[in-house]
Protein chains: 2
Amino acid sequence: MESQDLKKAGLKATLPRLKILDILEHSRQRHLSAEDVYKALLEGGEDVGLATVYRVLTQFEAAGLVRRHHFDEGHSVFELELGEHHDHILCVKCGRVDEFYDETIEDRQQAIASKAGYSMTDHSLYIYGICPACQKRA
Amino acid sequence: MESQDLKKAGLKATLPRLKILDILEHSRQRHLSAEDVYKALLEGGEDVGLATVYRVLTQFEAAGLVRRHHFDEGHSVFELELGEHHDHILCVKCGRVDEFYDETIEDRQQAIASKAGYSMTDHSLYIYGICPACQKRA
DNA sequence: CATGCGAATGCGAATACTTCTCATTATCCT
DNA sequence: AGGATAATGAGAAGTATTCGCATTCGCATG
Ligand SMILES: [Mn+2]
Ligand SMILES: [Mn+2]
Ligand SMILES: [Zn+2]
Ligand SMILES: [Zn+2]
């Protein structure tokens with residue numbers, strides 16, 4: 001029971017929040033838009049408003065349960081925060097998303113921020129390209 | 001006269017396009033939103049519609065005259081394409097934008113894309129942090 | 001386990017940004 | 001200069017997201 005996870009994050013264990021957490025955990029795709037989550041709720045027969053989905057996802061983000069990304073698509077996508085930071089590589093043809101982590105890049109970013117006198121708080125790195133499957137299909 | 005630049009890009013040299021190009025070239029800030037450009041036009045006494053600003057900026061982007069960025073602010077910002085690729089570091093307090101270029105990061109990105117079997121077409125890297133001035137102000 | 005208060009929800013309206021439609025106007029080739 | 005055609009301005013429409021508010025729910029308490 002993950003009511004505890006929510007309580008720990010200072011959030012009441014309400015039905016919408018539990019259901020949304022469940023969808024984020026068990027969906028086939030790790031990266032979901034608010035609309036995706038909303039559709040999944042409806043398919044599951046749940047009666048949750050879209051505004052609530054947005055509210056809850058934003059709260060989850062603030063609580064560190066979820067991470068929000070901007071994949072150059074005009075809408076936010078969310079994924080469960082599992083502690084291990086990573087960046088993304090996306091196919092511009094089919095929308096496939098892969099993840100990677102590169103120590104060298106992480107280090108260089110810090111160095112660049114320092115050199116510019118900034119105290120770095122975050123970063124976002126997206127690589128866009130054509131995935132193997134879409135290259136064959138061409 | 002940069003009518004030639006537009007013609008070369010396959011675009012008619014209309015007044016709105018010339019004015020917008022002028023604003024992009026001579027504004028104190030290199031990174032402008034559509035709204036910024038629109039305001040600058042109005043201040044210059046020009047009668048150009050906001051829809052035209054959006055249309056023209058999109059055409060400029062397609063023609064390679066301008067580059068569009070998504071600075072996690074919910075709207076697009078544009079800057080003149082001057083040939084030299086660079087990435088951005090942004091202050092989360094005051095919105096200041098600095099630019100940088102790092103060969104090591106560029107190389108690593110290529111390597112990561114290749115290893116994942118992608119043919120890389122583009123990338124976007126934003127570093128977020130607190131700028132020197134805002135750190136002192138804290 | 002019933003009760004009550006504040007927090008959370010669902011709904012529709014509102015907002016922010018961007019694109020579309022279409023009648024009017026401007027550009028540029030001859 | 002004249003006409004075919006592309007571009008523009010104004011406002012409506014479209015997305016994604018947030019807000020306002022009456023109603024409902026979670027949960028500490030008795
Ligand atoms: Mn991810
Ligand atoms: Mn720049
Ligand atoms: Zn693909
Ligand atoms: Zn600053």
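First the proteins, then the strands, lettered A, B, ... as listed; each starts at 1. Note that the coordinates shown come from a computational prediction; the quantities given were computed from them, not determined experimentally.
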SB check R67(A) D122(A) (cutoff 4.0 Å): yes
side-chain contact (heavy atoms from CB on, under 4.5 Å) partner of L41(A), chosen from L50(A), D47(A), D22(A), V53(A): V53(A)
Any residue of residues 61-73 of chain B with a heavy atom less than 4.0 Å from an atom of DNA chain C: none
Give T52(B) one of three labels, base, sugar-phosphate or nothing, depending on what nucleic acid heavy atoms sit under 4.0 Å from its own. base
Can you tell me which nucleotide in dG11(D), dT18(D), dA7(D) comes closest to the side chain of A51(B)? dG11(D)
Do the ring planes of H86(B) and H31(B) sit parallel (below 30°), tilted (30 to 60°) or perpendicular (above 60°)? perpendicular
Measure the acute angle between the ring planes of Y126(A) and H88(A), then classify it against the limits of 30° and 60° as parallel, tilted or perpendicular. tilted
Within the distance-only criterion (no hydrogens, no angle test), does the side chain of T58(B) pair as donor or acceptor with the backbone N or O of Y54(B) below 3.5 angstrom? yes
How close do K7(B) and A13(B) get, counting heavy atoms only, and between which atoms? CE-CB, 4.4 Å
In whole angstrom, give the distance that lies between atom OH of Y54(B) and atom P of dT8(D). 16 Å
Tell me what S76(A) touches on the nucleic acid: a base, only sugar-phosphate, or nothing, going by heavy atoms under 4.0 Å. sugar-phosphate
For L50(B) and dT8(D), what is the distance between atoms CG and P respectively, to the nearest whole Å? 14 Å
In whole angstroms, how far is the P atom of dT8(D) from the CG atom of L57(B)? 11 Å
Rounded to the nearest angstrom, tell me the gap between atom NE2 in H75(A) and atom P in dT17(D). 7 Å
Are D98(A) and R96(A) within salt-bridge range, i.e. N to O under 4.0 Å? yes
Does any N or O donor sit under 3.5 Å from an N or O acceptor when you compare the side chain of R17(A) with the base of dG26(D)? no
Toward the 5' end of DNA chain C, by each residue's nearest nucleotide, D47(A) or K12(B): D47(A)
Taking N or O atoms only and anything under 3.5 Å, show me the protein contacts with nucleotides 12-14 of chain D, one pair per line.
none

Would you say the side chain of Q109(B) lies within less than 4.5 Å of the side chain of I105(A), judging by non-hydrogen atoms? yes
With heavy atoms of chain B within less than 4.0 Å as the criterion, where does contact along DNA chain C begin and end? dC17(C) to dC28(C)
Taking for each residue the nucleotide of DNA chain D with the nearest heavy atom, is it E35(A) or R55(A) whose nucleotide lies nearer the 5' end? E35(A)
Go through the side-chain N and O atoms of D107(A) and T104(A) and say whether any donor and acceptor fall under 3.5 Å apart. no
Rounded interatomic separation in angstrom, taking CG from L18(B) and C1' from dT8(D): 14 Å
Regarding E79(A) and H69(A), is there a side-chain donor-to-acceptor distance under 3.5 Å anywhere? yes
Are any side-chain N or O atoms of E81(B) and backbone N or O atoms of G83(B), one a donor and one an acceptor, separated by less than 3.5 Å? yes
